[in-house]
Structures are given as structure tokens and as C-alpha cells.
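Below, chains carry the letters A, B, ... as their sequence lines are ordered, and counting in each starts from 1.
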Number of protein chains: 2
Amino acid sequence: MTKEEVIKEYRLREILAAARRVMARYAMQGTTIDRVAEEAGVAKGTIYLYFSSKDDLVHAAVLEGLREMMAETIRSDDPTMAPLERIRNLILSQYRIEASNQDFLKTLIIGNSLDIELEGAPGREFMRVYSDFLNFIASVLQSAIDRGALRPIDPLFAAFMLGEMITGSLRRRLLKLASSPLEADADAVVELFLKGIQVIPCA
Amino acid sequence: MTKEEVIKEYRLREILAAARRVMARYAMQGTTIDRVAEEAGVAKGTIYLYFSSKDDLVHAAVLEGLREMMAETIRSDDPTMAPLERIRNLILSQYRIEASNQDFLKTLIIGNSLDIELEGAPGREFMRVYSDFLNFIASVLQSAIDRGALRPIDPLFAAFMLGEMITGSLRRRLLKLASSPLEADADAVVELFLKGIQVIPCA
DNA sequence: CAGTCAACTGAACGTACAGTCAGTCTAGGC
DNA sequence: GCCTAGACTGACTGTACGTTCAGTTGACTG
């Protein structure tokens with residue numbers, strides 16, 4: 001990589017990071033090119049040297065954020081753990097990761113959000129990244145099923161619902177409907193996901 | 001109520017209904033006062049006789065939509081049912097209701113969404129309505145706990161998570177990640193909520 | 001040191017809308 | 001049948017913001 005390429009790469013990162021900070025601070029509506037340019041310390045026009053449009057920039061920034069979070073979750077996986085422990089560990093990790101990105105996530109899961117067309121290149125890109133992640137979680141669940149630790153539930157369904165439960169639990173915090181410590185919250189999700197709410201009958 | 005009041009009330013309903021149709025069709029970004037006016041068959045200025053701003057209109061329309069759906073769920077409740085049957089019935093009802101409003105909900109749960117400040121009058125109004133609903137669901141769960149059908153879980157937590165699971169399941173459909181028949185989907189949520197995914201050990 | 005070129009700048013442009021208001025219409029009272 | 005109040009209209013205004021592009025900068029070359 002030449003020196004110029006390094007600088008360009010650095011600028012790109014800087015603009016993406018600035019975009020995410022602006023999104024976290026001003027929500028989607030308040031995210032303007034002017035603000036991102038100011039935050040990144042570049043002129044408005046410069047942004048258009050790196051991104052073809054505002055949508056392009058926003059999509060890239062969000063995608064990057066999600067990708068990082070998913071990668072971090074996957075990195076925290078330890079395949080040598082016992083199945084249930086492994087799942088519990090993944091849930092706690094993702095919970096922690098989502099919580100530490102809550103300013104960024106806030107603009108995605110409460111208040112205003114993305115304007116994305118499911119059909120269309122960016123939408124498909126999102127779905128591809130997300131599906132990869134779901135497949136990873138599903139494979140972990142599947143291996144637990146194979147080992148007899150889980151009921152033979154559809155692993156993709158369970159993976160999706162698990163994500164929704166974690167995000168939902170975070171949303172509950174952001175809506176100020178929960179004030180319990182983070183760990184207690186995460187444990188409650190683990191418990192609910194594994195055991196449900198019904199009184200456990202004798203199998 | 002005088003004749004004029006009846007007419008004004010009718011206009012108000014018409015504008016709110018038009019706003020919801022426009023939201024469902026064009027998503028939040030594409031919802032303009034011009035479009036709502038055209039859809040309602042009134043002039044732009046007329047809308048400002050009934051609502052003080054675009055935000056005011058949008059908030060009122062969304063609130064009305066949510067209120068109706070919640071009321072319909074509550075109406076479907078039958079307190080004489082056995083606890084688990086009663087919960088199952090509520091889940092299936094809400095699932096059906098959400099599914100039949102999916103065009104409207106789509107703009108709220110995927111793609112772009114509301115720009116609402118949690119503090120501030122509209123935000124507090126939303127939370128009040130939503131909390132009422134959660135309290136209702138929680139009371140149903142509590143009565144099942146009292147009867148020994150459910151584990152002694154925090155009922156407000158469970159009520160919230162249940163809502164997230166149902167909405168999440170609908171989101172999965174909207175994202176085209178599920179194509180199973182609606183009933184099968186709803187049943188899977190019931191099952192997951194009640195029993196979790198773990199193999200049921202002998203109590 | 002002059003010349004070249006790509007990166008960068010930010011004033012200016014165009015547009016899409018929210019919101020306004022002078023004017024029109026109509027129903028009901030006198 | 002005229003008058004008035006207030007509901008309604010829609011052309012117009014103001015503005016915020018995405019996008020552009022003519023000009024500037026500065027690093028490298030010969």
C-alpha cells in the first residue's frame with residue numbers, strides 16, 4: 001500500500017467514525033453532511049470524494065458498526081465450552097457489546113432509523129451480513145441440539161429470536177422501563193431463552 | 001354534539017386515517033403533508049386547522065394506530081380460560097392483529113421510524129399508553145403465576161419480552177427471513193416463550 | 001524552480017417541503 | 001335575499017440540506 005493509499009484509507013475511517021458519532025449524538029434526522037464534515041474536520045465536498053451520496057455514507061457507517069459488533073460477538077465464542085455454558089457466554093457477550101454501543105444503537109432501535117429498501121444493493125448487503133451472523137449463532141445452537149442439550153427447535157428461528165430478545169431487553173433499558181443492573185438483565189434473558197416462563201413439568 | 005362538531009370529528013378521523021395510509025405506503029421519509037392532504041381529499045392548509053405541525057399529526061396517527069391494536073388485543077382476552085390457554089390465546093390474537101396491520105407496522109419496526117424525544121409531551125404520552133398495555137399483560141401473567149402455572153418471573157419483564165418476541169417474529173417475516181405459515185410462526189413463539197429452548201429436565 | 005496533478009475546499013445552487021395567509025366558499029341567521 | 005363567521009383553499013414563502021464545481025493547495029517530478 002502506497003503512502004497515499006494509507007492516507008486515503010485513514011480519511012475514510014475518520015469520516016465513517018465521525019458519521020457514527022454524529023448519528024449517536026443527533027439521531028438519524030439530525031445527521032447532516034455538514035455535521036459529519038465538521039465532526040471529521042474535513043470540508044463538505046471531501047465527503048463526496050469518498051461516498052457517492054449521503055445514503056451511501058450512512059449505510060456504510062451503520063454496516064460497519066454492525067459488522068464490528070457481530071465480529072466481536074463471534075470472537076468471544078469459545079467452542080470448547082459445554083453447550084449451555086457456551087450459549088450463555090454468547091448471550092452475555094452480545095449483551096455487553098450492545099450495551100457498550102448503546103448510543104449508536106439507540107438511533108437504530110428506538111426513535112428514527114434507517115430508510116432502506118429491502119430490494120436494492122444496500123438492503124441486500126445488510127441482509128447478507130446479518131444472515132451470516134444468524135447462521136453462525138444457528139450453528140452454535142445446532143451443535144447444542146446435536147449434543148442433546150437443546151430441544152430440536154429450528155435453529156435459525158431460535159437464533160433470530162434470541163437476537164430480538166437481547167435487542168428488546170436493551171430497548172427496555174433505553175425506554176427507561178428497566179433499571180436493574182446490566183448483569184441481572186442479561187441473566188433474565190438467558191433464563192427466559194433457555195427455560196421459558198412456564199413451570200417446568202417433569203419430562 | 002352539534003352538527004358542526006360531528007363534521008369536524010369526521011374530518012379529523014379522515015385525516016388521521018389518510019396519514020396512516022400514507023405512512024404505510026411511503027414509509028416515514030415519504031410521508032409529506034402534501035401527500036396526506038391529497039390522500040384525505042383536503043387542502044394542505046386544512047390539515048393545519050386540525051394539527052399544529054407535521055410531527056403533531058404523525059404522532060397522533062401512530063398513537064391512534066397503536067391504541068387500536070392494543071385495545072383489540074385486550075378485547076380478545078377471556079379471563080375465564082385456564083391460565084396457559086389464556087396466555088396462548090392472547091399471543092395468537094396479538095400475532096394476528098399485528099400481522100393484519102403489517103403495512104402500518106412496517107414503517108415502525110423496520111426501515112425508518114419515528115423521531116420522538118422520550119422526554120417531551122408526545123414521548124410521555126406514548127409511554128403512558130404502552131405502559132398501560134404492558135400492565136394489562138403483566139396482570140394476566142401474574143394471575144397465572146398466582147395459580148402456579150408460571151414460574152415466579154418478573155411479570156413486567158416477561159410482558160415486555162413477549163411483545164418483543166411477537167414483534168420480532170413479525171419483523172422476521174417482513175425481512176423475508178421466514179416464509180412459514182402465520183399460525184406455525186405464532187405457535188413457535190408461544191412454545192419458545194413458555195418453554196424456552198432447553199431440553200426440559202425432570203423437575 | 002516551474003509544472004503537473006490529485007486531493008481538498010466551501011460558496012453557490014437546486015430542490016423538497018413545512019408552514020402561512022389572503023382570498024373564496026357556504027351555511028345559517030336576520 | 002343579503003350578511004357574516006369561520007371552515008377551507010392552494011399559491012407562495014422561507015429554509016434546511018444534499019449535491020456540485022471552479023478554484024486553491026501542496027506534494028512530487030524533472
Query - Y10(B) OH - dA7(D) C1' separation (whole Å) - result: 17 Å
**Report entry** Listed nucleotide nearest any side-chain atom of T32(B), set dC17(C), dT19(D), dG19(C)
**Finding:** dC17(C)
Requested in this report: At under 4.0 Å between heavy atoms, which parts of nucleotides 4-9 of chain C does protein reach? Answer with one letter per nucleotide, 5' to 3': B base, S sugar-phosphate only, - none.
Outcome: ---SBB
Requested in this report: Please report, rounded to the nearest Å, how far the C1' atom of dA11(C) is from the CD atom of E38(A).
Outcome: 17 Å
Query raised in the report: Whole Å only: how far is the OH atom of Y48(B) from the P atom of dC17(C)?
Result: 13 Å
Query raised in the report: Do you know which of E68(A), R25(A), E39(A) makes side chain to side chain contact (heavy atoms under 4.5 Å, CB included) with R20(A)?
Result: E68(A)
Query raised in the report: In whole angstroms, how far is the C1' atom of dC13(C) from the CG atom of D34(A)?
Result: 14 Å
Query raised in the report: In whole Å, what is the span from the CZ atom of F51(B) to the C1' atom of dC8(D)?
Result: 16 Å
**Report entry** Minimum side-chain heavy-atom gap Q102(B)-K106(B) below 4.5 Å
**Finding:** no
Requested in this report: Consider only side-chain N and O atoms of D34(B) and T32(B), and report whether a donor and an acceptor are under 3.5 Å apart.
Outcome: no
Report task. Start with the C-alpha gap between R172(A) and F157(B), add the side-chain angles, then the distance that decides, and say whether side-chain contact (heavy atoms from CB on, under 4.5 Å) holds. Result -> CA-CA 9 Å; R172(A) 184 157 172 262; F157(B) 167 77; 3.4 Å; yes
Report task. Find the distance between CD1 (I87(B)) and CG (L92(B)) and round it off to the nearest 0.5 Å. Result -> 12.0 Å
Query raised in the report: Less than 4.5 Å apart, any side-chain heavy atom of R88(A) and any of D187(A)?
Result: yes
